[in-house]
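Take a look at this one; I'll ask things after.
Only heavy atoms go into these numbers, but all of them, side chains included; no hydrogens, no water, no symmetry mates. Lettering follows sequence order; numbering is per chain, from 1.
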Amino acid sequence: MQESIKHHLEQKSVGYETVIKAWVKTKRQSKNVAFLALNDGSTIKNLQAVIELTPETEALLARIHTGASVEVHGKLVESAGAGQQNELMASQLIILGEADPDHFPIQPKKHSLEFLREHAHLRFRTNLFGAVTRVRHSMIYAIHSFFNERGFYNVHTPIITASDAEGAGEMFQVTTLDLDKLPRTEDGKIDFSQDFFGRAANLTVSGQLEAELAAMALSKVYTFGPTFRAENSNTSRHLAEFWMIEPEVAFADINDDMDLAEGLLKYCVRYALEHCADDLAFLSERLTNEEKALPEADRSMELIEKLKFVMDNDFVRLTYTEAIDILKNSTPNKKKKFNYIIESWGADLQSEHERYLVEKHFKKPVILTDYPKEIKAFYMKLNEDGKTVRAMDILFPGIGEIVGGSQREENYEKLVQRMKEMHIPIDEMSWYLDTRRFGTVPHAGFGLGFERLLLFVTGMGNVRDVIAFPRTPKNCEF
RNA sequence: UCCUCUUUAGCUCAGUUGGUUAGAGCACCUGACUGUUAAUCAGGGGGUCCUUAGUUCAAGUCUAAGAAGGGGAGCCA
């Protein structure tokens, strides 16, 4: 394998012969010499190949356009031009694959994100998606490092599950039955006993319940896997297939949970700042240009400044009840500027309320805790007041909920009581209830939406642009 | 699913109160230029104005329906 362009650009001692295989970003030509900006994805920076014009090279250069793949032999030298440290003085130029500019959609110009989404198979080749893909990789790596350094074990929870009782959203059904000839039982219902698993099965909407099982033996575990929600959600923050990080910690309470989540987010941001400087600089510039047209008040903080701010400042922690008080007395609530006016305790918080708290009132990430039990999931631990549960949501500026978690109800009777109240089928969940039957312990966990984290770190505005092949309603291309 | 906006050259867009042959930048082709930084300069080719129906002497422009896409909301991560 060849040494990367990143490696060549970082070389201090030059003057040696080398070979570069890469894709052409741009070609510039003048009377005696041509320049190819070469990129192999190892860095956002290009290596410039300098090619003397001869009848032979001119014929080759005529066939080389943006997107072509080439092999260039030559000597790595300090650049005579201003834009870069090192460059490649070519002695031999070989075309590996042409890219006909009449048909290759990616041209050296600004494309809209919508256009690139329709060409998702080629958008890796843009500077933007190169940067996003590298940052995405770094965040995957950072997450595993964070947990590994803290003694967590990664567990793979099932993708296919027969449990439909988690209440986390609409599910995709998995079946091998012939949909044109569905087997029926005597009372006319579909006979799932003839299906592959002998029962109805779905794609998972969360690995949490299985992660809890593992935490009851290994103490500190986390999952990092794909998650599927068949919701008809059409927003910049939702995907039908997304990736989620779900730690689960035994002998931990809600405060440990918040510390863990805040620590993880800051670790990721620090990792990005330390390891993705070139890509973040590019992403920052993109964001600034993107927002130039906006009035100053609507522009976001400069990307790197924003990341440092989040890394260096404690998140605000307050209870749902305190948040309701702030919202009730807020100017937009009094002037009836909210679409949903906060009138009393118990109301579910809408996006506009979360955004007010994060973006206007506190101007920093906020952790909201102790929500009314009615608006939260069955497994969350009931507080002494009997009204609220030990839930915690982390809200980020521009994104909203990035983490949702809780201390779990470890008391068997209380959990069963909550399941009955919320019509969760208890007999199907006996395996889950066994955690509370045998050696139950206080424990807590959360779910972090990976693509939402990437929105924050990259400054992108739509989760469809931080995952290679987004799955959304009516869209399963590629 | 609801609200709202958009759809004009390969791409990004402009197109006046409805009026002659629908424009620009980038990309492409030709030429010029002594090392360029998404090079520059000059010239050239390139159009089912999303679809259908309607109003009108006349529709890219107005009306209706549909399609695709964006943004916001709900649900959530």
Problem set entry | Watson-Crick/G-U partner (both atom distances under 3.5 Å) of A27(B) | none
Seminar exercise, completed: From CG of L203(A) across to P of A77(B) the rounded distance in Å is 17 Å
Problem set entry | Enclosure of E58(A) CD (heavy-atom neighbours >12, cutoff 6.0 Å) | yes
Exercise. Can you tell me if R286(A) and T288(A) form a side-chain donor-acceptor pair at under 3.5 Å?
Worked result: no
Problem set entry | Options C11(B), C75(B), G35(B), nucleotide nearest the side-chain atoms of T235(A) | C75(B)
Exercise. Per the ring-ring contact (aromatic ring centres under 6.0 Å, His included) rule, which among Y153(A), Y267(A), Y222(A), F152(A) passes with H144(A)?
Worked result: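 It is Y222(A); the other options fail the test.
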Exercise. Are R355(A) and Q350(A) linked by a side-chain donor-acceptor pair shorter than 3.5 Å?
Worked result: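 No - no donor-acceptor pair under 3.5 Å links their side chains.
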For this session: Please lay out, stage by stage, how E248(A) and R408(A) fare under the test salt bridge (Lys or Arg N to Asp or Glu O under 4.0 Å).
Result: CA-CA 10 Å; E248(A) 199 65 41; R408(A) 318 305 190 189; 2.8 Å; yes
For this session: Would you classify S112(A) as touching base, sugar-phosphate or nothing, given that sugar-phosphate means primed atoms plus P, OP1 and OP2, and contacts are heavy atoms under 4.0 Å?
Result: sugar-phosphate
Exercise. Would one find a side-chain N or O of R117(A) under 4.0 angstrom from OP1 or OP2 of G70(B)?
Worked result: yes
For this session: Provide, to the nearest angstrom, the distance between the CG atom belonging to L264(A) and the C1' atom belonging to A77(B).
Result: 13 Å
Exercise. Who is the Watson-Crick or G-U wobble partner of A9(B), with both distances under 3.5 Å?
Worked result: none
For this session: From the options C11(B), A73(B), G70(B), select the nucleotide whose nearest atom is closest to the side chain of E114(A).
Result: G70(B)
For this session: For A9(B) and G72(B), measure between their P atoms and round to the nearest Å.
Result: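 Comparing P positions in A9(B) and G72(B) gives a spacing of 26 Å.
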For this session: Determine: side-chain N/O of R464(A) to OP1/OP2 of G70(B), distance under 4.0 Å, yes or no.
Result: yes
Exercise. When the distance from CG of N46(A) to P of U36(B) is rounded to whole Å, what number comes out?
Worked result: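 Computing the N46(A):CG to U36(B):P distance gives 18 Å.
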For this session: Would you please determine if the base of A77(B) is stacked by F242(A), with stacking meaning a centroid separation under 5.5 angstrom and planes under 30 degrees?
Result: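 Yes.
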Seminar exercise, completed: As its Watson-Crick or G-U partner within any shown strand, both distances under 3.5 Å, A53(B) has U63(B)
Problem set entry | Under 4.0 angstrom between H65(A) side-chain N/O and C29(B) OP1 or OP2 | yes
For this session: For RNA chain B, determine which residues of residues 391-406 of chain A have any heavy atom closer than 4.0 angstrom to one of its atoms, and list them numerically.
Result: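 Residues of residues 391-406 of chain A under 4.0 Å from RNA chain B: E401(A), I402(A), V403(A), G404(A).
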Problem set entry | Whole angstrom value for the distance that separates P of C76(B) from CD of E451(A) | 19 Å
Exercise. With a non-hydrogen cut-off below 4.0 angstrom, is H103(A) in contact with a base, only sugar-phosphate, or nothing?
Worked result: nothing
Problem set entry | N or O in side chain of S236(A) less than 4.0 angstrom from G72(B) OP1/OP2 |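 Yes, within the criterion.
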For this session: Identify whether the distance between the nearest side-chain nitrogen and carboxylate oxygen of D465(A) and R117(A) falls below 4.0 Å.
Result: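 A salt bridge is present here (some side-chain N lies under 4.0 Å from a carboxylate O).
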Seminar exercise, completed: Rounded to whole Å, the CZ-C1' distance (R355(A) to A73(B)) equals 11 Å
For this session: Inspect the surroundings of CD in Q173(A) and state if more than 12 heavy atoms from other residues, nucleotides or ligands are less than 6.0 Å away.
Result: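 Enclosed: over 12 neighbouring heavy atoms sit under 6.0 Å from CD of Q173(A).
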Exercise. Taking atom P in both U17(B) and U12(B), what distance in whole Å separates the two?
Worked result: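 Per the computed distance, 26 Å lies between those P atoms.
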Problem set entry | Exceeds 12 heavy-atom contacts within 6.0 angstrom, atom NE2 of H156(A) |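 Counting other residues, nucleotides and ligands, NE2 of H156(A) stays at 12 neighbours or fewer.
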Exercise. Below 4.0 angstrom, N of the basic side chain to O of the carboxylate: do D370(A) and R390(A) qualify?
Worked result: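 So D370(A) does not pair with R390(A) through a salt bridge.
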For this session: Please tell me which of H238(A) and N462(A) maps to the more 5' nucleotide of RNA chain B, matching each residue to the nucleotide holding its nearest heavy atom.
Result: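 Upstream on the strand: N462(A).
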Exercise. Distance between the P atoms of U52(B) and G71(B), in whole angstroms?
Worked result: 28 Å
Exercise. Do other residues, nucleotides or ligands put more than 12 heavy atoms under 6.0 Å from the CZ atom of R270(A)?
Worked result: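 Atom CZ in R270(A) is not crowded, with 12 or fewer foreign heavy atoms closer than 6.0 Å.
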Exercise. Can E262(A) and K266(A) be counted as an ion pair, charged N to O under 4.0 angstrom?
Worked result: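 Between K266(A) and E262(A) there is a salt bridge, with a charged N closer than 4.0 Å to a carboxylate O.
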Scan nucleotides 37-41 of chain B against the protein and return all N/O pairs shorter than 3.5 Å with their distances rounded to 0.1 Å.
| unit_1 | atom_1 | unit_2 | atom_2 | d |
| --- | --- | --- | --- | --- |
| U37(B) | O2 | Q84(A) | OE1 | 3.2 |
| U37(B) | N3 | Q84(A) | OE1 | 3.3 |
| U37(B) | N3 | Q84(A) | NE2 | 3.4 |
| U37(B) | O4 | A82(A) | N | 2.8 |
| U37(B) | O4 | G83(A) | N | 3.3 |
| A38(B) | N1 | K109(A) | N | 3.3 |
| A38(B) | N1 | K110(A) | N | 2.8 |
| A38(B) | N3 | P108(A) | O | 2.3 |
| A38(B) | N3 | K109(A) | N | 3.2 |
| A39(B) | OP2 | T26(A) | OG1 | 3.0 |
| A39(B) | OP2 | R28(A) | NH1 | 2.2 |
| A39(B) | N6 | Q29(A) | O | 3.2 |

For this session: Please determine if D100(A) and R63(A) form a salt bridge, counting it only when a charged side-chain N lies under 4.0 Å from a carboxylate O.
Result: no
Exercise. Using a cut-off of 4.0 Å on non-hydrogen atoms, how would the nucleic acid contact of E52(A) be classed: base, sugar-phosphate, or nothing?
Worked result: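 Nothing, no nucleic acid heavy atom in range.
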Exercise. Considering only the C1' atoms, how many Å lie between C13(B) and C49(B), rounded to the nearest integer?
Worked result: 13 Å
Exercise. Hey, are R317(A) and D259(A) close enough for a salt bridge, meaning a charged N less than 4.0 Å from a carboxylate O?
Worked result: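 Salt bridge between R317(A) and D259(A), a charged N being under 4.0 Å from a carboxylate O: yes.
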Each nucleotide N or O in nucleotides 45-51 of chain B that has a protein N or O under 3.5 Å away: list the pair and distance.
none

For this session: Please determine if a side-chain N or O atom of N32(A) lies less than 4.0 Å away from the OP1 or OP2 oxygen of U34(B).
Result: no
For this session: Provide, to the nearest angstrom, the distance between the CG atom belonging to N232(A) and the P atom belonging to G74(B).
Result: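 It is 15 Å, rounded to the nearest whole Å.
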Exercise. Given that both distances must come in under 3.5 Å, which nucleotide forms a Watson-Crick or G-U wobble pair with A73(B)?
Worked result: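 Partner of A73(B): U1(B).
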Problem set entry | P atoms of A65(B) and C2(B), separation to the nearest Å | 14 Å
Problem set entry | For atom CD of E352(A) and atom P of G71(B), their distance in whole Å |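 It works out to 20 Å between those atoms.
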For this session: Answer with base, sugar-phosphate or nothing: what part of the nucleic acid does L239(A) contact at a heavy-atom distance below 4.0 Å?
Result: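 Result for L239(A) = base.
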Problem set entry | C1' atoms of U8(B) and U48(B), separation to the nearest Å | 12 Å
For this session: Provide, to the nearest angstrom, the distance between the CZ atom belonging to R237(A) and the P atom belonging to G70(B).
Result: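 So the CZ-P distance, R237(A) to G70(B), works out to 14 Å.
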Exercise. Taking atom P in both U34(B) and G19(B), what distance in whole Å separates the two?
Worked result: 48 Å
Exercise. More than 12 non-hydrogen atoms from neighbouring residues, nucleotides or ligands closer than 6.0 Å to CD on E114(A), yes or no?
Worked result: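 Enclosed.
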For this session: Look at the aromatic rings of Y271(A) and Y141(A) and report parallel, tilted or perpendicular, splitting at 30° and 60°.
Result: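 Geometry flag for Y141(A) against Y271(A): tilted rings.
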Exercise. Would you say a side-chain N or O of T227(A) is under 4.0 Å from OP1 or OP2 of A77(B)?
Worked result: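 False: T227(A) side-chain N/O out of range (4.0 Å or more) of A77(B) OP1/OP2.
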Problem set entry | Nearest-Å distance once atom C1' is located in both G15(B) and G23(B) | 7 Å
